Amino acid sequence: MWQKKILGWYYINKRTLPWRLKKNQNFYRIWISEVMLQQTQVSVVIPYYKKFITKWPTLELFYKAELEEILKIWQGMGYYKRAQNLFKAKELLKNRQEKIVISSNDLKKLPGVGDYISCAISAILKDEPCAVIDGNIKRVLIRVFGLKNNDKLIKKQVKEISKKLTPLSENGNYCQSLMDLANLVCKAKKPNCQICPVFYVCQTKGKFESKKTIKKICKKISVAFYTYNKDSILIDKTNNNLLQSLYCFPLSDFRENKENFIEEDFLNKTVNDWMSKNNLQIPYQYIGEIVHKFSHFQLKVLIVNIRLKNKFKFKNYKWLKKIELSEKPVSSLMLKIMKKVEC
DNA sequence: AATCCGGGGTG
DNA sequence: CACCCAGGATT
């Protein structure tokens with residue numbers, strides 16, 4: 001039987017992970033782990049998870065967290081929207097003050113909690129027999145049942161199969177066993193079919209073609225304005241392009257950096273526009289560039305140095321001491337720029 | 001149902 | 001550089 005094979009394999013081979021410790025088997029800690037694990041590898045998450053629950057060991061203590069504190073802990077992990085949704089969700093829970101009902105349907109109402117996380121939490125904590133499907137479990141099912149990955153109906157097919165296979169008891173261990181199987185055996189690239197507990201029913205048996213989709217990387221370009229007066233730096237707090245509440249130098253709109261695009265002209269025009277928009281007319285110094293990869297495009301940032309004689313008042317920016325900035329949450333992009341300007 | 005979200009690590 | 005990773009929200 002499918003479930004027995006999978007579970008039997010799991011009891012022997014399961015991974016030791018922080019969020020699987022007994023002390024971490026409560027709603028708050030499982031929730032944090034699942035949000036962090038979204039689109040992020042286990043090895044990356046572990047140190048962030050430990051830092052997070054050390055700072056806020058319980059949900060009640062997490063209620064007191066400020067958004068910027070959460071972002072600071074999150075700094076470097078990416079997808080900062082997750083931290084923002086975490087903040088929204090805990091504010092909701094705090095103000096409701098009703099006991100949290102751990103069921104997939106109720107959890108789904110929380111910001112940042114969708115089909116996967118809601119089912120994973122209630123399966124792990126309550127053994128709710130709901131279909132837990134993430135990218136890895138999907139890969140396992142696609143291979144075992146020989147589904148065509150490019151099929152438009154793939155999502156529906158996977159869900160149907162998953163529902164049929166979900167056990168009425170022990171779904172928590174069952175879904176985690178599938179995750180471990182996907183990670184340790186049915187790996188994306190080199191699956192280790194020799195040790196697979198369900199090899200006997202697998203329709204693919206390791207013979208699958210790695211899909212080769214040539215994705216063209218969209219390249220964009222922008223200008224960062226490192227503007228300072230003594231030990232104070234100009235910070236954009238209304239930047240709509242980057243996630244709000246993360247600190248960043250003023251950054252121009254992103255433009256597509258196609259071929260035949262003259263970066264020097266772009267730099268001059270962008271700086272001049274920015275100057276006139278802010279009623280400035282002073283020389284600037286080109287510092288250098290950094291390249292940063294976002295999830296769906298690549299960004300080159302040209303960095304300019306602007307030294308001001310006074311701390312002029314800017315409409316959408318605010319002044320911050322260098323020492324203060326070091327304590328604020330910033331993205332990896334901003335860290336790269338800061339390193340370049342030796343800030 | 002498709003698309004966006006403006007990441008980061010690994011080989 | 002290509003590919004992977006414990007998805008969710010928006011339209």
Side-chain angles (χ1 to χ4, degrees), chain A residues 14-15 17-20 30-49 71 74-86 88-89 107-121 123-124 131-140 151-156 158-159 162 172 174-184 186-191 210-222 239-244 246 248 251 253-256 291-301 330-336:
Chain A
K14 66 176 167 187
R15 292 175 288 181
L17 302 169
W19 41 92
R20 285 184 181 168
I30 293 293
W31 174 38
I32 300 303
S33 73
E34 290 300 343
V35 172
M36 287 185 170
L37 286 162
Q38 198 183 336
Q39 304 297 96
T40 308
Q41 289 174 193
V42 167
S43 59
V44 177
V45 168
I46 290 174
Y48 285 96
Y49 176 78
L71 286 166
W74 214 267
Q75 180 173 305
M77 194 159 48
Y79 289 117
Y80 300 93
K81 194 100 177 179
R82 297 182 294 179
Q84 203 139 25
N85 280 330
L86 218 44
K88 272 193 217 166
L107 294 176
K108 216 167 293 183
K109 294 170 190 163
L110 293 173
V113 177
D115 288 335
Y116 166 72
I117 293 182
S118 61
C119 289
I121 293 175
I124 291 169
V132 181
I133 306 165
D134 71 344
N136 294 312
I137 294 177
K138 184 178 159 193
R139 180 179 65 246
V140 174
D151 199 320
K152 292 282 179 196
L153 300 170
I154 193 77
K155 248 179 138 174
K156 205 177 153 190
V158 169
K159 190 157 190 178
S162 178
Y174 170 74
C175 71
Q176 290 181 90
S177 67
L178 278 182
M179 292 173 196
D180 283 21
L181 186 72
N183 182 273
L184 300 171
C186 199
K187 295 182 282 192
K189 276 198 171 160
K190 284 185 189 169
S210 55
K211 50 172 182 178
K212 283 170 191 165
T213 46
I214 306 140
K215 266 190 294 185
K216 225 182 75 183
I217 303 165
C218 179
K219 292 187 175 179
K220 298 190 181 186
I221 188 167
S222 173
N239 199 330
N240 293 322
N241 297 323
L242 284 169
L243 186 61
Q244 286 174 15
L246 283 176
C248 193
L251 211 56
D253 288 342
F254 301 172
R255 292 279 171 77
E256 265 193 64
V291 176
H292 187 72
K293 204 180 63 179
F294 286 103
S295 50
H296 298 283
F297 64 92
Q298 192 181 73
L299 179 69
K300 183 188 283 188
V301 182
V330 299
S331 69
S332 298
L333 167 68
M334 177 62 172
L335 281 177
K336 281 185 193 170

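Only this structure's heavy atoms are used, side chains among them; waters, hydrogens and symmetry mates stay out. Chain letters run A, B, ... following the sequence lines, proteins first, then strands; residues in each count from 1. Being a predicted model, the structure only gives us computed values, none of them experimental.
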Notebook entry, point to check: Below 4.0 angstrom from OP1 or OP2 of B:dG8, is there any side-chain N or O of A:Y80?
Noted result: yes
Item checked: Euclidean distance, atom OH of residue A:Y48 to atom C1' of C:dC5 [Å, nearest integer] -> 15 Å
Using a cut-off of under 3.5 Å, enumerate the N/O to N/O pairs linking the protein to nucleotides 9-11 of chain B.
residue, atom, partner, partner atom, Å
B:dG9, O6, A:K293, NZ, 2.6

Notebook entry, point to check: According to the interplanar angle, ranging from 0 to 90°, do the rings of A:H292 and A:F294 count as parallel (below 30°), tilted (30 to 60°) or perpendicular (above 60°)?
Noted result: perpendicular
Note to self: Go through it in stages, so that I can follow the logic: the residues are A:K155 and A:D115, the test is salt bridge (Lys or Arg N to Asp or Glu O under 4.0 Å), and I'd like the CA-CA distance, side-chain angles, deciding distance and then a yes or no.
What the structure shows: CA-CA 13 Å; A:K155 248 179 138 174; A:D115 288 335; over 6 Å; no
Check: Can A:H296 be called stacked on B:dC5 when the rule is centres closer than 5.5 Å and an angle between planes below 30°?
Finding: yes
Next item on the list: Determine: side-chain N/O of A:Q39 to OP1/OP2 of C:dG7, distance under 4.0 Å, yes or no.
Entry: yes
Next item on the list: Output yes when at least one side-chain N/O atom of A:R139 is less than 4.0 Å from OP1 or OP2 of C:dC4, else no.
Entry: no
Next item on the list: Starting at atom CH2 of A:W31, determine the distance to atom C1' of C:dA6, rounded to an integer number of angstrom.
Entry: 17 Å
Notebook entry, point to check: Any idea which of C:dG7, C:dC1, C:dC5 is nearest the A:N136 side chain?
Noted result: C:dC5
Margin query: Minimum heavy-atom separation for A:F254 and A:S222, please, with both atom names.
Written below: CD2-CB, 3.5 Å
Check: Roughly, in whole Å, what's the span from CZ in A:F297 to P in B:dG7?
Finding: 8 Å
Note to self: Nearest whole Å is fine: how far is B:dG7 P from A:R82 CZ?
What the structure shows: 10 Å
Notebook entry, point to check: With sugar-phosphate meaning primed atoms plus P, OP1 and OP2, does A:W19 contact a base, only sugar-phosphate, or nothing at under 4.0 Å between heavy atoms?
Noted result: base
Notebook entry, point to check: Less than 3.5 Å between a donor and an acceptor, one on the side chain of A:R15 and one on the base of C:dA6, is that the case here?
Noted result: yes
Item checked: Spacing between A:K155 atom NZ and B:dT3 atom P, to the nearest angstrom -> 12 Å
Notebook entry, point to check: How close or far is atom C1' of B:dC5 from atom CZ of A:F294, stated in whole angstroms?
Noted result: 11 Å
Item checked: Nearest heavy atoms of A:V45 and A:M36, plus distance in Å -> CG2-O, 3.3 Å
Notebook entry, point to check: Using a distance-only test with no angle check, is there a side-chain donor-acceptor pair under 3.5 angstrom linking A:R139 and A:N136?
Noted result: yes
Check: Where the side chain of A:H292 is concerned, which of C:dG8, B:dG7, C:dA6 is the nearest nucleotide?
Finding: B:dG7
Next item on the list: Take the protein atom NZ of A:K138 and the nucleotide atom C1' of C:dC4, then report the distance between them rounded to whole Å.
Entry: 13 Å
Note to self: Any base atoms under 4.0 Å from A:V132, or only sugar-phosphate, or nothing? Heavy atoms, all strands.
What the structure shows: nothing
Notebook entry, point to check: Contact class for A:M36 (heavy atom, under 4.0 Å): base, sugar-phosphate, or nothing?
Noted result: nothing
Next item on the list: Scan A:L178 against the nucleic acid and name what it touches under 4.0 Å (heavy atoms): base, sugar-phosphate only, or nothing.
Entry: nothing
Next item on the list: Quote, to the nearest angstrom, the C1' distance that separates B:dC5 from C:dC5.
Entry: 15 Å
Check: Does the side chain of A:W19 reach to within under 4.5 Å of the side chain of A:V42, using non-hydrogen atoms?
Finding: yes
Item checked: Distance-only polar pair, side chains of A:Q176 and A:R20, donor-acceptor under 3.5 Å -> yes
Note to self: Mind checking if A:I137 touches a base, just sugar-phosphate, or nothing, with heavy atoms under 4.0 Å?
What the structure shows: nothing
Check: Can you tell me how far C1' of C:dA9 sits from NZ of A:K109, to the nearest Å?
Finding: 18 Å
Note to self: Just checking A:K336: does its NZ atom have more than 12 heavy atoms from other residues, nucleotides or ligands closer to it than 6.0 angstrom?
What the structure shows: yes
Margin query: Is there a side-chain contact between A:N85 and the phosphate of C:dG8, meaning an N or O under 4.0 Å from OP1 or OP2?
Written below: no
Margin query: Taking 4.0 Å as the cut-off, does a side-chain nitrogen or oxygen of A:S332 come that near to OP1 or OP2 on B:dG8?
Written below: yes
Check: Any side-chain donor paired with an acceptor under 3.5 Å for A:Y116 and A:Q38?
Finding: no
Check: Which residue lies toward the 5' end of DNA chain C, A:V42 or A:K108, if each is placed at its nearest nucleotide?
Finding: A:V42
